[in-house]
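The first residue in the sequence is number 1, and the count goes up from there.
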Amino acid sequence: MNIKIFFAVIITLAVVAIIALFFAGNFFYNLAINPNSSKKMIFGNDGLSHHELTEEEEWLEKSSKFKDVFTNSFDGLKLHAHEVVSNKNTNKWAVTVHGYMTDAFSLSTKALHYYDIGYNILAVDLRGHGKSKGNYIGMGYHDAKDLIEWLKYIVSKDSECEILVHGVSMGAATVMIASSQEELPKNVKVIIEDCGYSSALEQFKYQLKKLFNVPSFPILNIANLIVKVKAGYYLNEACPIECVKNSKVPMMFVHGDDDTFVPFYMLDELYEACASEKKKLIIEGASHAHAESENPDKYWGEIDSFVNKYI
């Protein structure tokens with residue numbers, strides 16, 4: 001073969017490969033980070049998609065002391081939360097932080113539990129979810145900065161407040177990342193993380209293998225660059241396992257041992273990395289984000305006992 005033809009073929013194949021990788025990376029971005037794209041391929045039968053609200057879940061908007069509240073993110077997004085002030089005169093606040101492609105209502109039963117035992121409630125909608133603005137999913141990275149703004153909001157209206165923060169799945173990643181932020185108010189006394197991942201990058205590596213049986217390299221590397229361009233962060237920056245190494249807030253780690261969405265082994269990785277006071281809670285038979293419904297007595301008994309040490 002003529003040497004010129006040979007190099008022309010090599011260059012053509014390289015260009016085709018680069019274009020193919022770009023389209024694969026862009027497909028990944030739309031599948032995983034674009035909140036307006038279908039997530040059926042990701043969710044499968046894991047029970048993470050939206051559902052009709054039960055009467056118990058709708059209590060947020062039915063409460064006589066309910067109101068919509070708003071704040072602004074560091075990059076100018078209008079963020080929304082549901083606030084319910086307790087009938088009791090209390091300085092205790094519970095902040096609930098929902099997961100991937102859900103909204104504040106998905107943690108209504110958790111918010112209701114805290115309300116029933118005397119807490120004021122702030123149930124946040126993460127950016128790009130619910131009534132909060134945003135055109136990408138933050139995977140906990142920018143969401144942690146948004147959470148700090150909500151915590152400052154509480155402190156601004158109640159300087160004597162004592163705050164617990166309870167996050168589930170991506171919300172758990174959010175609260176773990178926030179736990180190491182210098183701006184985290186000292187009013188935050190305890191954190192509950194329920195089925196959070198060790199890092200967004202590792203979570204997507206796991207999902208790529210699970211969904212498509214393909215290695216993460218080089219697709220995830222290209223996707224990571226696209227996420228940076230379109231959403232302003234690298235996936236490896238959404239890294240709870242690095243953040244809990246610097247956490248000074250007592251933290252409880254909760255996971256169901258039948259979780260196949262955020263793999264169960266990440267629980268021990270996170271727990272071992274955490275530098276603050278900590279406790280581990282394993283709910284047998286619970287799938288992803290279903291620890292509470294699988295064994296509510298054990299779930300709330302252990303969590304309340306842990307929280308009561310600090311608030």
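The structure places OG of Ser108 at 10.5 Å from CD1 of Ile121, a figure rounded to the nearest 0.5 Å. With rounding to the nearest 0.5 Å, the separation of SG in Cys239 from CG in Leu201 is 8.5 Å. Summarising the geometry, atom OG belonging to Ser106 is positioned 6.5 Å from atom NE2 belonging to His98; distances are rounded to the nearest 0.5 Å. Distance CG/Leu235 to CG/Asn221: 10.0 Å, rounded to 0.5 Å.
For the pair Asn120 (side chain) and Trp93 (backbone), a donor-acceptor distance under 3.5 Å is absent. Distance alone, capped at 3.5 Å, is enough to place a donor-acceptor pair between the Asn187 side chain and the Cys161 backbone. Remark: side-chain polar atoms of Ser179 are not paired, donor with acceptor, to backbone N or O of Ser247 under 3.5 angstrom. The backbone N or O of Val85 sits nowhere less than 3.5 Å from a side-chain atom of Lys67 that would complete a donor-acceptor pair. For the pair His255 (side chain) and Val262 (backbone), a donor-acceptor distance under 3.5 Å is present. Judged purely by atom type and a 3.5 angstrom limit, Asp257 has no side-chain atom pairing as donor or acceptor with the backbone of Phe264. In this structure a side-chain-to-backbone donor-acceptor pair under 3.5 Å is missing from Lys280 to Leu267.
Under a hydrophobic-cluster definition in which Ile, Leu, Val, Met, Phe, Trp and Tyr are linked whenever side-chain heavy atoms come within less than 4.5 Å, directly or via other members, Val254 and Leu107 are assigned to different clusters. The cluster map of Ile, Leu, Val, Met, Phe, Trp and Tyr, joined by side-chain heavy atoms under 4.5 Å apart, puts Ile219 and Leu225 in different clusters. Note: the hydrophobic cluster containing Leu31 also contains Phe261 (ILVMFWY, side chain heavy atoms under 4.5 Å, direct or indirect links). Residues Phe70 and Val124 fall into different hydrophobic clusters, defined by Ile, Leu, Val, Met, Phe, Trp and Tyr side chains chained together at heavy-atom separations under 4.5 Å. Hydrophobic clustering places Leu281 together with Ile311 (ILVMFWY residues linked when any side-chain heavy atoms are closer than 4.5 Å, directly or through intermediates).
Looking at Ile137 and Met170, their side chains come closer than 4.5 Å, going by heavy atoms from C-beta outward. The shortest distance between side-chain heavy atoms of Ile148 and Asp146 does not fall below 4.5 Å. Using a 4.5 Å heavy-atom threshold, the side chains of Val165 and Thr174 count as separate. The closest side-chain heavy-atom distance from Tyr299 to Glu294 is not below 4.5 Å. Considering only heavy atoms from C-beta on, Glu269 stays 4.5 Å or farther from Glu202 through its side chain. Contact annotation: the side chain of Met252 approaches that of Ile303 to within less than 4.5 Å [non-hydrogen atoms, C-beta and beyond]. At a threshold of 4.5 Å between non-hydrogen side-chain atoms, the residues Met139 and Ile33 count as touching. For the pair Asn224 and Lys228, the minimum side-chain heavy-atom distance is 4.5 Å or more.
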Side chain to side chain contact (heavy atoms under 4.5 Å, CB included) for Trp150 and Thr71? Distances and angles first, verdict last.
CA-CA 7 Å; Trp150 283 119; Thr71 192; 3.6 Å; yes

Assess the residue pair Leu147 and Val95 against the criterion (side chain to side chain contact (heavy atoms under 4.5 Å, CB included)); give the C-alpha distance rounded to whole Å, side-chain angles, the decisive distance to 0.1 Å, and a yes or no.
CA-CA 9 Å; Leu147 176 59; Val95 180; 4.0 Å; yes

Can Ser198 and Met266 be said to form a side chain to side chain contact (heavy atoms under 4.5 Å, CB included), step by step?
CA-CA 6 Å; Ser198 59; Met266 288 187 177; 3.7 Å; yes

Mind running side chain to side chain contact (heavy atoms under 4.5 Å, CB included) on Lys88 and Tyr119 for me, showing each step along the way?
CA-CA 8 Å; Lys88 302 174 183 179; Tyr119 282 76; over 6 Å; no

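By the 30° and 60° cut-offs, the orientation of the rings of Trp300 relative to His166 is tilted. Between Tyr271 and Phe253, the two ring planes are perpendicular [angle over 60°; tilted spans 30° to 60°]. Relative ring orientation between His82 and Phe105 is described as tilted, the plane-to-plane angle lying within the 30° to 60° band.
For the residue pair Asp103 / His129, no side-chain donor-acceptor distance below 3.5 Å is found, with atom types taken as modelled. Side-chain contact of Glu83 with Tyr153: a donor-acceptor pair under 3.5 Å is present, judged by distance alone. Side-chain contact of Asn87 with Tyr115: a donor-acceptor pair under 3.5 Å is present, judged by distance alone. For Asp68 and His80, the side-chain atoms include at least one donor-acceptor pair closer than 3.5 Å. A side-chain N or O of Asp304 and one of His113 form a donor-acceptor pair less than 3.5 Å apart.
Heavy atoms from other residues, nucleotides or ligands lying under 6.0 Å from NZ of Lys133 number 12 at most. When the shell of 6.0 Å around CG of Asn89 is examined, it contains 12 or fewer heavy atoms from other residues, nucleotides or ligands. Heavy-atom contacts from other residues, nucleotides or ligands closer than 6.0 Å to NZ of Lys309 number more than 12. Dense packing is recorded around NZ of Lys131, with more than 12 heavy atoms of other residues, nucleotides or ligands lying under 6.0 Å away.
Ion pairing between a basic and an acidic side chain is recognised when a charged N comes within 4.0 Å of a carboxylate O; Glu302 and Lys279 show such pairing. Under 4.0 Å is where a charged nitrogen must lie from a carboxylate oxygen, and between Lys152 and Glu183 at least one such pair does.
In summary, the aromatic rings of His142 and Phe74 are positioned with their centroids under 6.0 Å apart.
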